[in-house]
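Worksheet: the structure to be examined is printed underneath.
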2 protein chains.
Amino acid sequence: MTTSNAGTRAQATAQAASAARLRVTVPSVADRVAAELRLQLAEGVLLPGTRLTESTIAEDLGVSRNTVREAFAELAAERLVVRLPNRGIFVASLGPGDIHDVYTVRRAVEVSAIRNGGTPERVAAVRAAVEEGKAAAAAGDEEALGTANQHFHGAIVALAECRRLDTIMSQVLAEMRLFFHKATLDAHFYRGYLDDNEEICAALEAGELDRAGDLLLAYLDRSEAKQSAVHGE
Amino acid sequence: MTTSNAGTRAQATAQAASAARLRVTVPSVADRVAAELRLQLAEGVLLPGTRLTESTIAEDLGVSRNTVREAFAELAAERLVVRLPNRGIFVASLGPGDIHDVYTVRRAVEVSAIRNGGTPERVAAVRAAVEEGKAAAAAGDEEALGTANQHFHGAIVALAECRRLDTIMSQVLAEMRLFFHKATLDAHFYRGYLDDNEEICAALEAGELDRAGDLLLAYLDRSEAKQSAVHGE
DNA sequence: AATCGTCAGATTGTTGAACAATCGGCCGAA
DNA sequence: TTCGGCCGATTGTTCAACAATCTGACGATT
């Protein structure tokens with residue numbers, strides 16, 4: 001047998017495993033390395049296609065190569081990085097096909113979430129994200145506008161109160177962030193979305209869930225088309 | 001700078017990263033360890049809550065502890081195991097809340113996929129899964145009936161031709177497989193689903209996508225209720 | 001000149017051992 | 001009984017080494 005203990009013991013440990021997320025825990029070194037890399041990826045310091053050498057990163061961050069390796073495993077699981085066996089790991093790059101792929105996930109997750117509505121608190125969070133975007137636009141802060149837009153869509157998924165959907169969505173958003181640095185150069189890129197967000201949010205608040213879903217769907221289709229036009233072929 | 005080379009070089013490596021999945025590659029030792037553990041998890045050799053000791057598994061499989069560690073990282077990313085810092089890793093166990101969570105994901109993914117239909121080939125694959133289930137039922141093979149049911153739902157998601165949705169679905173199914181050994185003891189558990197699958201598939205083949213979606217949704221709700229009744233509180 | 005093998009350098013994959021940090025449980029004291 | 005501290009076991013992390021593999025260049029052959 002490859003396992004050590006089972007049976008009645010499992011009962012006790014099982015609930016411990018469930019309560020894992022309540023635990024106070026210091027993020028491991030590997031986690032912090034992964035976090036640092038995630039940050040650099042999100043900020044565009046590391047561009048798609050860039051090769052990440054284990055030893056280099058280990059030196060730069062002052063950790064062991066094995067630890068870097070673990071961090072890479074995390075990032076690879078999130079698709080932020082691609083592992084080419086015996087060749088190294090590279091910052092992931094999305095091809096035209098991937099754009100459609102990503103938006104297909106978003107259509108499934110976001111539309112499903114909004115169609116089922118959510119508690120008043122969750123709806124309020126969506127509204128807050130809309131206002132955050134407006135404020136950013138008023139301040140002329142394009143960067144903040146972008147993150148506000150992500151908050152908006154994150155809040156929509158959060159309506160479902162489903163932890164797994166939340167992580168799926170945050171991963172998808174991370175992938176897009178990695179990819180959209182080119183597009184973001186267009187200063188007015190997000191500006192056109194403000195009205196959409198407002199309209200979707202209003203429909204949500206009015207309880208017109210199906211209409212909100214349709215609006216969101218149309219929005220996503222338009223957004224995909226725009227992205228495909230910018231990148232893509 | 002933490003990166004080594006960028007710019008024009010990135011262009012070349014970028015497409016290499018994209019074409020990664022076409023590459024001929026031997027799965028690494030860590031991957032094989034992960035695969036072995038996945039198998040044992042799916043077969044119920046390792047029950048939820050069981051503790052997996054690094055050194056033990058390293059010995060049993062004849063690999064290094066570091067390698068086992070990498071395998072664990074893979075499985076943790078798939079939620080099949082849970083890592084308790086400084087305490088070890090345990091086979092994941094789903095609580096009542098998780099059941100709803102998982103089904104929420106399935107509703108989002110599956111219903112979205114079926115509502116958009118798919119190519120005739122993909123629809124045929126769904127039909128094939130239905131027939132596979134009928135054959136298993138006729139043969140009285142409960143195990144085959146279970147896997148046929150998973151094929152059915154996998155085929156539905158495959159309608160969308162979205163790689164990311166496919167992996168999401170397969171991960172969710174893996175989680176459920178891990179969890180449903182108790183339920184599967186009831187020999188007739190899947191039997192009731194046969195008619196549902198047939199009806200859903202028929203609607204799909206007839207192009208009545210909305211109806212197929214509604215049927216599927218109802219099916220998932222019923223399935224969740226059943227599971228919650230068996231486990232749960 | 002173009003193609004093909006070969007070779008050297010570099011990087012990854014994997015191992016083994018070591019050590020600190022942390023955890024769980026046992027034992028003793030109040 | 002309960003609290004506090006100690007002990008053994010396991011994990012987290014590092015380091016060093018080696019085999020396997022890839023890349024690129026050099027040179028030989030056709």
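In what follows, every chain begins at residue 1, and chains take the letters A, B, ... in the order their sequences are listed.
- In terms of position on DNA chain D, the residue among A:N86 and A:N66 whose nearest nucleotide sits closer to the 5' end is A:N66.
- Distance B:R51 CZ to D:dT10 P: 7 Å, rounded to the nearest Å.
- Between C:dG13 and B:T67, no contact under 4.0 Å exists linking OP1 or OP2 to a side-chain N or O.
- Atoms CD (A:E70) and P (D:dG12) sit 8 Å apart, rounded to a whole Å.
- With 3.5 Å as the limit, one finds no donor-acceptor pair spanning the side chains of B:D101 and B:T104.
- Residue side chain A:R65 does not reach the base of C:dT11 through any donor-acceptor N/O pair under 3.5 Å, judged by distance alone.
- When only modelled atom types and interatomic distance are considered, A:R79 and A:Q171 share no side-chain donor-acceptor pair under 3.5 Å.
- With hydrogens and angles ignored, no donor-acceptor pair closer than 3.5 Å exists between the side chain of B:R69 and the base of D:dT13.
- Distances from the side chain of A:R87 to the nucleotides D:dT23, C:dT12, D:dG12 place D:dT23 closest.
- Look at B:S55 and you won't find any side-chain N or O under 4.0 angstrom from OP1 or OP2 of D:dT10.
- If you measure from atom CG of A:L52 to atom P of C:dG13, you get 13 Å, rounded to the nearest angstrom.
- In this structure, the CD atom of B:E54 is 11 Å from the P atom of D:dT13, given to the nearest Å.
- Regarding B:L61, its CG atom lies at a distance of 13 Å from the P atom of C:dG16, rounded to whole Å.
- For the residue pair A:H153/A:Y219, the side-chain donor-acceptor check at 3.5 Å is satisfied.
- Using a 4.0 Å cut-off between charged side-chain N and carboxylate O, B:E36 and B:R32 make no salt bridge.
- Of the candidates D:dT13, D:dT10, C:dG13, the closest approach to any side-chain atom of A:R83 belongs to C:dG13.
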